[in-house]
Amino acid sequence: MKAVFIIPILSLCLLLSCKEQVAETVTAQEESVGVDFKDDIERIEPMHWWIGFKNTELQLLVKHPNISQAEPEVAYQGVSIEKVHNADSPNYLFIDLIISEKTKPGKLNITFKFKNGDLLEQTYELRARKKQAEDFVGFDSSDAIYLITPDRFANANTSNDINTRLKEKTIDRTDDYARHGGDIEGIIKHLDYIQDMGFTAIWSCPLLTNNMPKSSYHGYAITDYYEIDPRYGDMNDYLELAEEAKKHGIKLVMDQVVNHCGSEHWWITDLPFKDWLNYQENFENKGTLITSNHRRTTNQDRYASKSDKKGMSDGWFVSTMPDLNQRNPFMAKYLIQNSIWWIETAELGGIRQDTYPYPDKTFMSNWAGAIMEEYPNFSIVGEEWSYNPLLIGYWQDGANNKDGYDSNLKSPMDFAMQRLIVEALNEEEKWDTGLVKMYEGLANDFHYASPKDVMIFPDNHDMSRIFTQLNGDINNTKAALSYMLVLPRITQIYYGTELLMNDFEKPGDHGLVRTDFPGGWAEDAINGFTGEGLSEAQKDMQSYLKIILNYRKESKAIHQGETVHFAPQDGVYVLFRQVQDETVIHIINKNEKPVRIDLTRFDEVGLNAKKVKNIITGAEFIWGNTLKLDTKGSLVLTTKLN
């Protein structure tokens with residue numbers, strides 16, 4: 001008899017559930033019925049928002065001539081104005097809204113009533129969220145991230161190369177500091193290549209508008225925090241990139257900048273508050289622009305002077321990048337909401353935050369904390385360009401800092417280990433130089449709250465290419481890359497590394513470091529995407545990285561295994577990653593002549609008499625008592641034979 005009633009009961013439940021969903025949809029539609037679209041206000045940011053956040057507060061920045069003389073009103077169920085703030089400029093209002101948990105998605109009109117009887121109206125939309133907060137999953141140690149400078153990667157749409165409303169109106173591929181025309185469509189077009197190489201995430205340098213008069217190609221002088229630079233495409237292109245990347249199993253990481261903006265930002269000619277920028281008075285009075293002293297240690301230094309601390313956090317990064325004052329509560333909310341807006345809009349797989357130690361550090365904790373509160377499985381990586389692991393570890397969430405500071409940042413960048421790897425491979429082998437620097441550098445992991453969440457990289461858009469740093473030595477370049485790719489780390493690789501791109505002509509020159517990817521332009525004779533015209537050395541490096549990256553994709557030992565390494569001996573350094581039945585072995589040999597190493601030294605790892613395979617060549621052999629190393633370079637071996 002019980003079975004007889006199962007189907008009717010299920011049907012009734014489904015019917016009731018459907019009715020509830022229909023009722024919710026109807027209610028949402030009813031909320032918007034009768035709302036005539038209005039667009040009287042010059043600017044409101046964020047341009048729209050969502051229902052269903054843990055934080056039910058939303059602060060709107062309203063920009064319009066003399067808007068401070070108006071009283072805003074909202075008539076929408078579940079939405080109320082908690083407070084209205086005037087700014088120092090009469091052309092701004094900041095409106096604090098409360099969006100209750102019962103609020104339905106829909107459109108509403110905000111009415112602005114002036115004392116003289118004038119009315120202005122602006123339609124505002126509250127949207128339904130596309131997916132649950134827990135489903136915004138960030139990058140982790142299973143990911144290898146491909147860093148792209150978008151202007152220099154691929155130009156798939158020549159019609160957007162020049163935009164006449166922007167200040168920089170030319171492109172010139174012969175000028176390393178001019179725009180070259182790469183765009184979002186160029187990245188989309190080559191997602192197959194990125195996926196086939198074995199990358200699982202893309203970090204593009206900023207794609208937001210940089211309406212600067214020159215050298216705006218790099219993206220870090222943002223002049224509109226809510227607009228895709230039209231020379232890269234538009235919002236639809238960016239959303240298509242996010243969607244297509246997802247189809248390729250690739251996460252999209254957005255490069256954001258909360259420390260500074262570009263000096264041509266739209267608000268510069270009419271700043272909301274007298275303290276919207278640091279050293280704003282100097283700027284407005286055309287006085288001396290005070291740039292940062294770049295002394296990042298002042299964030300941790302218990303002996304640091306107040307003037308040094310202020311010089312670090314308040315000074316402008318460079319004279320064309322005004323320093324934002326995150327201690328202004330309206331600026332702080334603006335930046336936090338902007339980050340959340342982009343996460344929700346593009347369903348991001350992570351954020352890379354530029355110049356992480358430069359802003360007010362209390363704000364940075366609040367910024368990251370607000371994001372992680374809403375998206376508990378999300379990821380943020382912060383740029384901390386320090387060579388001291390004590391400083392790097394300070395910024396990681398969970399660090400046992402003496403001052404009690406918790407940054408809420410999941411992933412700092414490992415500039416310290418990057419530098420040691422380069423030094424170790426370039427130096428002569430002695431007691432305190434050479435491979436021992438890699439060995440002792442990795443030993444510093446005891447300081448990190450979570451080593452596997454630290455990001456390692458061979459190079460990036462701000463430093464010499466790894467091939468240049470290693471003096472054009474291909475074996476050492478392979479050793480550096482393979483070592484980083486098997487470490488307990490998240491790995492980032494800069495575009496073109498697979499093609500041995502270099503900056504030998506002017507080492508460290510940013511324009512040259514950010515060279516065009518060959519094949520990204522229709523007129524290119526050499527094509528890195530197809531292999532046409534590549535040298536044998538380039539093809540070999542591309543294949544080498546592709547094999548390791550694709551092995552890494554599926555390797556639990558690399559993603560989450562235990563790490564054991566042995567102190568370098570006689571120019572050989574051996575590291576193991578182990579989990580269950582998979583062991584990955586990494587061997588670096590700096591000897592120019594063949595050597596035979598004693599494998600019994602590694603017996604505690606438990607590989608004796610087991611078959612292992614060379615990941616690159618596929619050759620298999622039994623792990624015995626000795627191993628002959630015929631050539632200088634690295635070996636990556638695995639016990640996983642299939």
Side-chain angles (χ1 to χ4, degrees), residues 31-32 34-129 224-227 258 261 265-267 270-276 324-342 344-345 363 366-367 370 374:
E31 292 288 345
S32 299
V35 174
D36 295 327
F37 178 75
K38 301 291 183 179
D39 191 24
D40 296 340
I41 299 298
E42 179 184 317
R43 184 184 292 266
I44 287 189
E45 293 179 343
M47 291 91 74
H48 59 261
W49 202 243
W50 295 265
I51 61 170
F53 285 119
K54 292 178 183 177
N55 184 355
T56 59
E57 300 174 0
L58 171 65
Q59 185 172 91
L60 300 179
L61 177 155
V62 183
K63 172 76 162 61
H64 194 85
N66 293 313
I67 195 66
S68 63
Q69 302 301 313
E71 284 289 333
E73 293 181 357
V74 171
Y76 191 86
Q77 188 174 352
V79 179
S80 59
I81 295 178
E82 183 180 38
K83 194 171 183 179
V84 179
H85 307 268
N86 287 335
D88 294 327
S89 166
N91 304 319
Y92 290 88
L93 275 182
F94 289 82
I95 305 173
D96 292 343
L97 298 180
I98 299 295
I99 304 169
S100 78
E101 296 177 356
K102 296 182 180 180
T103 305
K104 304 299 180 184
K107 294 178 181 178
L108 59 118
N109 280 343
I110 305 173
T111 303
F112 296 87
K113 294 184 177 181
F114 290 81
K115 292 177 182 178
N116 64 3
D118 289 347
L119 291 177
L120 294 176
E121 289 187 274
Q122 183 69 35
T123 301
Y124 197 81
E125 185 177 7
L126 295 174
R127 299 181 176 180
R129 299 175 72 181
D224 191 324
Y225 280 92
Y226 283 95
E227 182 184 65
V258 298
C261 65
H265 192 286
W266 63 262
W267 60 38
D270 183 12
L271 293 163
F273 291 95
K274 293 176 182 176
D275 63 348
W276 196 245
L324 306 180
N325 178 21
Q326 302 87 13
R327 291 181 296 275
N328 178 303
F330 301 97
M331 171 64 81
K333 280 192 178 181
Y334 181 90
L335 295 171
I336 290 169
Q337 289 178 169
N338 177 258
S339 293
I340 291 174
W341 191 89
W342 281 108
E344 202 71 26
T345 295
F363 164 77
N366 294 337
W367 172 81
E374 292 292 349

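Note that the structure is predicted; figures quoted are calculated from it, not measured.
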Quick one: [atom1] on [X] to [atom2] on [Y], what's the gap to the nearest 0.5 Å?
X: Asn328; Y: Asp275; atom1: CG; atom2: CG; value: 4.5 Å
X: Leu335; Y: Gln326; atom1: CG; atom2: CD; value: 6.5 Å
X: Lys107; Y: Phe37; atom1: NZ; atom2: CZ; value: 7.5 Å
X: Leu60; Y: Lys333; atom1: CG; atom2: NZ; value: 11.0 Å
X: Asp39; Y: Glu121; atom1: CG; atom2: CD; value: 11.5 Å
X: Tyr76; Y: Leu126; atom1: OH; atom2: CG; value: 6.0 Å

Compare all side-chain heavy atoms of [X] with those of [Y] and state whether any distance is below 4.5 angstrom.
X: Leu97; Y: Ile81; value: yes
X: Trp276; Y: Met331; value: yes
X: Ile336; Y: Glu374; value: no
X: Trp367; Y: Ser339; value: yes

Donor-acceptor pair, side chain of [X] and main chain of [Y], under 3.5 angstrom:
X: Glu57; Y: Asp96; result: no
X: Glu73; Y: Glu71; result: no
X: Gln337; Y: Gln59; result: yes
X: Asn66; Y: Gln69; result: no
X: Tyr124; Y: Ile44; result: no

Which atoms form the tightest heavy-atom contact between [X] and [Y], and what is the distance?
X: Pro72; Y: Ile110; value: CB-CG2, 4.3 Å
X: Ile51; Y: Arg129; value: O-CD, 3.0 Å
X: Val258; Y: Leu324; value: O-CD1, 3.6 Å
X: His64; Y: Asp40; value: CE1-O, 3.1 Å
X: Glu45; Y: Asp224; value: OE2-OD1, 4.1 Å
X: Ser68; Y: Tyr92; value: CB-O, 4.0 Å

Where does the angle between the aromatic ring planes of Trp267 and Tyr334 fall among parallel (under 30°), tilted (30 to 60°) and perpendicular (over 60°)?
-> perpendicular
Which word best sums up how the rings of Trp50 and His48 line up, parallel for under 30°, tilted for 30 to 60°, or perpendicular for over 60°?
-> perpendicular
Short side-chain donor-acceptor distance under 3.5 Å, Asn109 and Gln122 = no
Test side chain to side chain contact (heavy atoms under 4.5 Å, CB included) on Asn55 and Ile340 and set out the steps.
-> CA-CA 11 Å; Asn55 184 355; Ile340 291 174; over 6 Å; no
Would you check if the distance from the ring center of His265 to the ring center of Tyr225 is below 6.0 Å?
-> yes
Given Leu93 and Asn86, is the side chain to side chain contact (heavy atoms under 4.5 Å, CB included) satisfied, shown in steps?
-> CA-CA 5 Å; Leu93 275 182; Asn86 287 335; 3.0 Å; yes
Residues at least two apart in sequence or cross-chain that pass ring pair (Phe, Tyr, Trp, His ring centres under 6.0 Å) with Phe112, listed by chain then number, are none
Steps toward side chain to side chain contact (heavy atoms under 4.5 Å, CB included) verdict (Ile67, Phe114) | CA-CA 8 Å; Ile67 195 66; Phe114 290 81; 4.1 Å; yes
Salt bridge (Lys or Arg N to Asp or Glu O under 4.0 Å) involving Asp270 - partner list, sequence neighbours excluded | Lys63
Kindly check if the number of other-residue, nucleotide or ligand heavy atoms within 6.0 Å of NZ (Lys54) is above 12?
-> yes
Using the side chain to side chain contact (heavy atoms under 4.5 Å, CB included) rule, take Leu108 and Val35 through it: C-alpha gap first, then chi angles, then the decisive distance, then the call.
-> CA-CA 6 Å; Leu108 59 118; Val35 174; 5.7 Å; no
Got a sec, which residues hit side chain to side chain donor-acceptor pair (under 3.5 Å) with Ser100, two or more places apart in sequence or on another chain?
-> Thr103
